[in-house]
Amino acid sequence: MSEFSVKEKKILLDHFSNTDGNVFAIITPRQVDRGALMSRYSRTNKSMRRIFLDEFLKNKNRGEEFYNRVLLEYGDDSVAELGEAQIAIEGLSNIAVKKIEDRRIGLSYLEKSSRYVAWDKKEEGEYRFYRDPEISKSRFVDMYEDACNFSFNVYSKNIDPMINYVREKYPIEKYSFKDSTDGKEKSFFKLKSESDIKSANMIYRGSTKAKALDILRGLLPASTLTNVGITGNGRAFEYLLIVLGSSELREDRDLASKIKKELDTTIKSFVRRADDKYGKAFQKYLRDIKNKSKSITAKEIKAKPTTGIITNLVDYESEKIAMDKIITSIIYEQSPSTSYQNILYQVKKFSKEKKIKIINEFVKLRTNRRHRPSRAFENVYYTFDLCNNFGMFRDFHRHRALTLERQLLTTDHGFNIPDEIKILGIETDFTDCMNKTKETFEKIRKKYPEQGQYVVNFAYNYPYFMKFNLREACHLIELRTVPQGHADYRLVAQQMFKQINKIHPNLSKIMKFVDLKKYDLERFESEKRTEEKKKNLK
């Protein structure tokens, strides 16, 4: 017999996907009620649908009242994860978007790409870059504007010449395309079907444009305005707001206010503490951490800027210790009731040959890149000291299942000039751009070290370190060496693999799908696959 009457069922269908099943979706329109129902659900013997009928139906403010009590009175942070929202932010700098994307848990991001979209458009006659209020009212305003405009001018005027150069170097007849009549790969001039010719042109134009924009993106300054979409839960958004509110940059603090205002329209109860006494105290704590670190650094560390690209594996364990840990973890899950310590004690007695054989058994099980190694491979860590161009860092920064610490963006570590820039004959313009940036940055940084970051180009090298386990190494290195990846980060990921392979020759075999080759048009095969999928959808 059903738990609900006919009348109750009719009401429930406006708020739940079904009335009788033991699996159902919560579709009641208000986010605060959906979250409150989930949390209330854990504290009663009633079914969720009965809770709704008894407690929420007659009291329209039940959800908000619940969160006010739990979050504000009891501080049960986990219930804030039950409220979710999607926020779009348009026209923020590449400094601010990295600050936002530093948050690792509870938020997902989609950001405007620098390889598919040209950033040369003007708005009301001006290039789209961030004008920091502190700089704008300072004596540096003119030189800041001039430096950013110069960067955009060099970038914009060379888009078409670079695309033409790429297409001359990699002509369409050099590549093969799928013939829809027989399914075979053929050169462009052997295609007969108009649709095949059209598809081939689209694939070629897309991959060559991406190549050209990849080469030129180093000219863009960090002030370049971008767009980002964020999906996340209330707890993660609350922390994001607190972090932004503690920043020295006006842009970050303004974004915190704007994001909070919009979240108040959807998940207000979940982020209410972000700007109250709790939030203000948390902001002070974050500022205190930063100031204490600055103080210690100033007293104890003598700066010695490095120049050029660095990919150094600086911290790791011996392969013997690493294999013992991984094999113990492999065995632990399926072992009879016994301790980790007992298993480790026995594993240490295995011969080296036996250990290698066990690891190789798990290597064989991986048949494609998406077959992640088991969690046992999370027990071994690697720390890389890195310095590479800021444009490339933006790609590596998307990996969040790791520890990443970074410094302020400066011009101290030199810059990268792609070979194609030299061949096209625009090396002088490129170098002039970098020198103008450096001159401007050096003057601004004396008074505004954080705001000075905005003028620095993507081509300038940027120091950071990454610490990750072997399981994440598989994901990061295999993903970042795929053929369609940017040449800059493919090289760094390949270097990471080689260094891990050198110190862990047996364990590194788990990374079966690392691509160590070089490619002309990185996006070409990917564009072909995308076009084929589009055809199949028709």
Side-chain angles (χ1 to χ4, degrees), residues 71 75 77-78 80-81 83-111 130 132-134 222-223 226-264 266-295 297 390 393-394 396-409 448-454 462 464-467:
L71 272 176
D77 290 351
S78 62
E81 296 179 8
E84 293 188 339
Q86 290 180 307
I87 291 286
I89 307 173
E90 299 180 353
L92 75 165
S93 75
N94 273 264
I95 295 298
V97 79
K98 293 307 115 189
K99 185 82 167 184
I100 289 171
E101 292 173 353
D102 273 335
R103 314 280 69 77
R104 295 182 296 187
I105 300 173
L107 300 175
S108 298
Y109 316 95
L110 281 175
E111 184 187 344
Y130 183 69
D132 177 79
E134 297 294 330
S223 60
T226 185
N227 304 327
V228 65
I230 311 173
T231 300
N233 64 58
R235 187 178 190 176
F237 269 120
E238 180 183 79
Y239 186 56
L240 170 63
L241 294 173
I242 290 169
V243 169
L244 292 176
S246 71
S247 174
E248 292 182 31
L249 294 176
R250 171 75 71 80
E251 182 185 17
D252 293 342
R253 299 195 301 274
D254 287 348
L255 282 172
S257 298
K258 291 176 181 178
I259 295 170
K260 175 65 164 59
K261 181 181 177 182
E262 300 310 315
L263 289 175
D264 281 349
T266 55
I267 56 170
K268 182 176 181 179
S269 297
F270 301 87
V271 295
R272 186 165 289 169
R273 299 180 305 174
D275 53 7
D276 66 5
K277 289 182 180 179
Y278 166 88
K280 298 297 182 187
F282 207 150
Q283 288 177 18
K284 181 181 180 302
Y285 169 68
L286 294 177
R287 287 192 293 268
D288 288 346
I289 288 176
K290 186 174 183 178
N291 291 333
K292 181 60 69 175
S293 297
K294 278 184 180 180
S295 175
T297 302
F390 182 67
F393 163 80
R394 292 162 63 254
F396 266 22
H397 186 246
R398 294 172 186 162
H399 293 270
R400 292 177 231 293
L402 46 75
T403 297
L404 186 153
E405 291 284 1
R406 59 196 183 94
Q407 300 175 2
L408 291 179
L409 179 60
Y448 303 112
E450 298 231 4
Q451 290 84 348
Q453 296 178 98
Y454 288 116
Y462 187 51
Y464 56 103
F465 78 78
M466 298 172 76
K467 181 176 181 177

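The residues Lys292 and Asp288 are annotated as not salt-bridged, no charged nitrogen and carboxylate oxygen being separated by less than 4.0 angstrom. Taking 4.0 Å as the cut-off between side-chain N and carboxylate O, Asp264 and Lys260 count as a salt-bridged pair. Checked for salt-bridge contact, Glu450 and Arg253 miss the test: no charged N lies under 4.0 Å from a carboxylate O.
His399 and Phe396 have perpendicular rings, their planes meeting at more than 60° on a 0 to 90° scale where under 30° would count as parallel. Ring geometry for Tyr462 versus Tyr464: interplanar angle of 30 to 60°, hence tilted.
Interatomic distance, CZ of Phe270 versus CG of Leu263, reported as 11.0 Å (0.5 Å rounding). Here the OG1 atom belonging to Thr226 is positioned 7.0 Å from the CZ atom belonging to Arg394, to the nearest 0.5 angstrom. Note that OH of Tyr239 is 14.0 Å distant from CG of Asn233, once rounded to the nearest 0.5 Å. A distance of 10.0 Å separates NZ of Lys258 from CD of Glu262, quoted to the nearest 0.5 Å. Here the straight-line distance linking atom CD of Glu101 with atom CG of Leu107 works out to 10.0 Å at 0.5 Å rounding. Atom CG of Asp132 is separated from atom CD of Gln453 by 10.5 Å, given to the nearest 0.5 angstrom.
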- Query: Should Ile259 and Val271 be marked as a side-chain contact (heavy atoms from CB on, under 4.5 Å) after you check the CA-CA gap, both sets of side-chain angles, and the distance that decides it?
  - Reply: CA-CA 10 Å; Ile259 295 170; Val271 295; over 6 Å; no
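Shortest non-hydrogen contact noted between Asp275 and Lys280 is O-CE, 3.7 Å. Among all heavy-atom pairs drawn from Ile267 and Gly83, the shortest one is CG2-C, 4.1 Å. Contact between Thr403 and Arg104 at its shortest, heavy atoms only, is CA-NH1, 3.8 Å. Scanning all heavy atoms of the two residues, the minimum distance from Tyr109 to Arg103 falls at OH-O, 2.8 Å. Taking both residues in full, the closest heavy atoms of Glu111 and Lys98 are given as OE1-NZ, 3.2 Å, listed atom of the first, atom of the second, then distance. When all heavy atoms of Ile89 and Ile87 are compared, the closest pair comes out as CG1-CG2, 3.9 Å.
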Pair up each side-chain donor or acceptor in residues 241-251 with any protein partner under 3.5 Å, not counting sequence neighbours, and list the distances.
{"from": "Ser246", "atom 1": "OG", "to": "Val243", "atom 2": "O", "distance (Å)": "2.8"}
{"from": "Ser247", "atom 1": "OG", "to": "Leu249", "atom 2": "N", "distance (Å)": "3.0"}
{"from": "Ser247", "atom 1": "OG", "to": "Asp252", "atom 2": "OD2", "distance (Å)": "2.7"}
{"from": "Glu248", "atom 1": "OE2", "to": "Lys294", "atom 2": "NZ", "distance (Å)": "3.2"}
{"from": "Glu251", "atom 1": "OE1", "to": "Ser93", "atom 2": "OG", "distance (Å)": "2.7"}
{"from": "Glu251", "atom 1": "OE1", "to": "Tyr454", "atom 2": "OH", "distance (Å)": "2.8"}
{"from": "Glu251", "atom 1": "OE2", "to": "Ser93", "atom 2": "N", "distance (Å)": "2.8"}
{"from": "Glu251", "atom 1": "OE2", "to": "Ser93", "atom 2": "OG", "distance (Å)": "3.3"}

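No more than 12 heavy atoms of other residues, nucleotides or ligands shown are found within 6.0 angstrom of NZ on Lys467. Summarising the local packing, NZ of Lys284 is surrounded by 12 or fewer heavy atoms from other residues, nucleotides or ligands at distances under 6.0 Å. More than 12 heavy atoms of other shown residues, nucleotides or ligands fall within 6.0 angstrom of atom CG in Leu408.
Legend: salt bridge (charged side-chain N to carboxylate O under 4.0 Å, His left out) pairs involving residues 86-96, not counting sequence neighbours: none detected.
Distance alone, capped at 3.5 Å, is enough to place a donor-acceptor pair between the Asn227 side chain and the Gly91 backbone. Remark: side-chain polar atoms of Ser293 are paired, donor with acceptor, to backbone N or O of Ile289 under 3.5 angstrom.
A 4.5 Å side-chain heavy-atom check between Glu238 and Tyr278 finds at least one atom pair inside the cut-off. Put simply, the side chain of Glu84 does not reach to within 4.5 Å of the side chain of Thr266, judged on heavy atoms.
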